[in-house]
Amino acid sequence: MIRILTALQPSGILHIGNLFGAIEPMVRLQAEKSENLLFIVDYHAITVPQDPAQLRRNILFATATYLAVGIDPEKTILFQQSRISEHTELAWILNCLVHMGELERMTQYKDKARGKGESVSVGLFDYPVLMAADILLYDTNIVPVGEDQKQHVELARDLAERFNSRFGETFVIPQPQIRKEGARIMGLDDPEKKMSKSAPSEKNYISLMDDEATVLKKIKSAVTDSGSTISYEQNRPGLANLLTIYSLVTEKSIDQIVAEYEDKGYGDFKIGLAGAVSAYLTPIQEKINGFLKDERSLLAILDQGATRAKTIAAKKMELIREKIGVRL
Ligand code: ATP
Ligand code: LTN
């Protein structure tokens, strides 16, 4: 059986980039005959300071969001990373295989460490190793992620190969799966960089919880270019990004949307797009709020997911301990 796995940080704000790059592909994959795992990487989240009460709320919010967008906890093992201690245990073993240089090369680390000098946390540096453990522990075949995480999945592959050649066949070599459309939704205020919740301005992203007025305001202020016609071209990155979003929320092709706006300008296009985004988000928001009202059910779903994940992880960890020689 093919195993598909992905994870997201419980960072409070989830934006449409996260939704289309990472969560939606998981919803679609539920139709396949595979075993699917989706989890909330709370131990990755603490690589930057977190307020404990807020972190707790964010974990529940993330759970509610996955359910709201169509994750079915019967078809997908939905759980919290910190509940399965094997993740951090395997990370330690992989720490003893990974090279400093490999981690120093990681783009995300370089971006996040910038300006922090010597006070950058070891957790931030080690983040990709915990991620490799997340993936390898479950003999994962496919890892659907956004483009920015490809380098981390490649490290997981390298570590799996290194472990296998040193200790004998143990890990499956995982494949990253990057969706073509939506793999990289760009920032509204800066279409050269990916949409990101840690962007300096809120105008960078559309949060899943943004109301209609906010969506309209953000889209109206989105950077485009000095042209006036609506067309999809590489050298018009702002407009191309908006067209991609339009296509994702309506499931219409970009050509179809371009045809609809043939005789219209940016003003009409942006109003149309804002309406389409809100029409897409409103039912999701209602569902999220509904799930959040019933905390006990959310906790029960996470409990059930943890039990299922633990069974797989504990068995694999036994084999790993045996391979490295600590199991007597
Ligand atoms: P930050 O920018 O603060 O690091 P983020 O917004 O990139 O956070 P993550 O929690 O790092 O969010 O990513 C969660 C998932 O969403 C990952 O699989 C990532 O590849 C995907 N993702 C993030 N941003 C985008 C984007 N702009 N377009 C498509 N996918 C994205
Ligand atoms: N680093 C990823 C989250 C993540 C992940 C994983 C994704 C942690 N462990 C395992 C896929 C598989 C991120 O920030 N998006």
Side-chain angles (χ1 to χ4, degrees), residues 3-26 29 36-48 50 58 61-62 65-66 69 77 79-82 84 87-88 90-91 94 106-114 123-124 126-138 140-157 159-160 174-202 204-208 237 241 244-245 248 309:
R3 208 170 263 159
I4 303 178
L5 168 150
T6 199
L8 284 99
Q9 297 197 48
S11 40
I13 299 164
L14 282 171
H15 52 70
I16 56 171
N18 304 136
L19 179 62
F20 291 117
I23 311 173
E24 237 225 349
M26 268 323 261
L29 286 165
N36 303 325
L37 293 100
L38 173 63
F39 54 105
I40 298 163
V41 285
D42 41 10
Y43 278 168
H44 276 106
I46 61 164
T47 54
V48 296
Q50 299 284 343
N58 288 348
F61 177 74
T65 305
Y66 302 152
V69 298
I77 306 181
F79 67 104
Q80 222 185 317
Q81 180 192 40
S82 61
I84 313 296
H87 290 237
T88 41
L90 177 56
L94 298 178
M106 292 291 141
T107 312
Q108 180 177 298
Y109 170 70
K110 286 195 272 188
D111 287 348
K112 295 203 170 178
R114 196 163 295 132
L124 205 56
D126 203 31
Y127 179 115
V129 179
L130 180 57
M131 177 162 163
D134 291 344
I135 296 169
L136 301 182
L137 193 52
Y138 296 93
T140 306
N141 303 95
I142 295 171
V143 188
V145 278
E147 178 70 39
D148 60 308
Q149 294 297 316
K150 191 170 164 219
Q151 199 184 23
H152 291 163
V153 182
E154 278 160 4
L155 179 73
R157 288 169 63 89
L159 292 179
Q175 281 284 351
Q177 189 181 72
I178 318 253
R179 180 177 181 175
K180 280 196 203 77
E181 298 277 306
R184 216 169 137 80
I185 302 285
M186 309 311 280
L188 297 181
D189 60 348
D190 180 1
E192 302 291 338
K193 292 207 190 106
K194 81 174 181 103
M195 182 175 283
S196 163
K197 61 183 166 283
S198 39
S201 162
E202 283 186 9
N204 173 274
Y205 55 80
I206 296 173
S207 147
L208 298 191
N241 188 42
T244 302
I245 297 172
L248 288 165

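These numbers come from the heavy atoms of this one structure, side chains and all, not from hydrogens, waters or symmetry mates. Each ligand, and each atom within it, is numbered from 1 in the order the structure gives. Worth saying up front: this structure is predicted, and the values here are computed from it rather than measured.
Any N or O atom pair closer than 3.5 Å counts here, and Met186 shares no such pair with ligand 1. In terms of polar-atom proximity, defined here as any N/O pair under 3.5 Å, Ser198 does make such a contact with ligand 1. For ligand 1, the polar-atom distance check finds no N/O of Pro144 at less than 3.5 Å from any of the ligand's N/O atoms. The distance criterion of under 3.5 Å between nitrogen or oxygen atoms is not met by Gln149 with respect to ligand 1.
Near Ser196, the atoms of ligand 1 lying under 4.0 angstrom from a non-hydrogen atom of the residue are 1 (P), 2 (O), 3 (O), 6 (O).
Side-chain N/O atoms of Tyr138 and His87 include a donor and acceptor closer than 3.5 Å. Between the side chains of Asp148 and Gln108, no donor-acceptor pair of N or O atoms lies under 3.5 Å.
When all heavy atoms of Lys150 and Pro176 are compared, the pair lying nearest together is CG-CG, 4.3 Å.
Under 4.0 angstrom from ligand 2, the non-hydrogen atoms of Val145 all belong to its side chain. At a 4.0 Å heavy-atom cut-off, ligand 1 touches Lys112 through the side chain alone. By the criterion of a heavy-atom distance under 4.0 Å, the side chain of Ile135, and not its backbone, is placed next to ligand 2. Within the 4.0 Å heavy-atom criterion, the part of Gln9 lying near ligand 2 is the side chain and not the backbone. Counting heavy atoms under 4.0 Å from ligand 2, residue Val143 touches it through the side chain alone. When non-hydrogen atoms are compared, ligand 1 lies under 4.0 Å from neither the backbone nor the side chain of Gln108.
Without hydrogens or angle criteria, Asn204 side chain to Ser201 main chain gives no donor-acceptor distance under 3.5 Å. Without hydrogens or angle criteria, Asn241 side chain to Met186 main chain gives a donor-acceptor distance under 3.5 Å.
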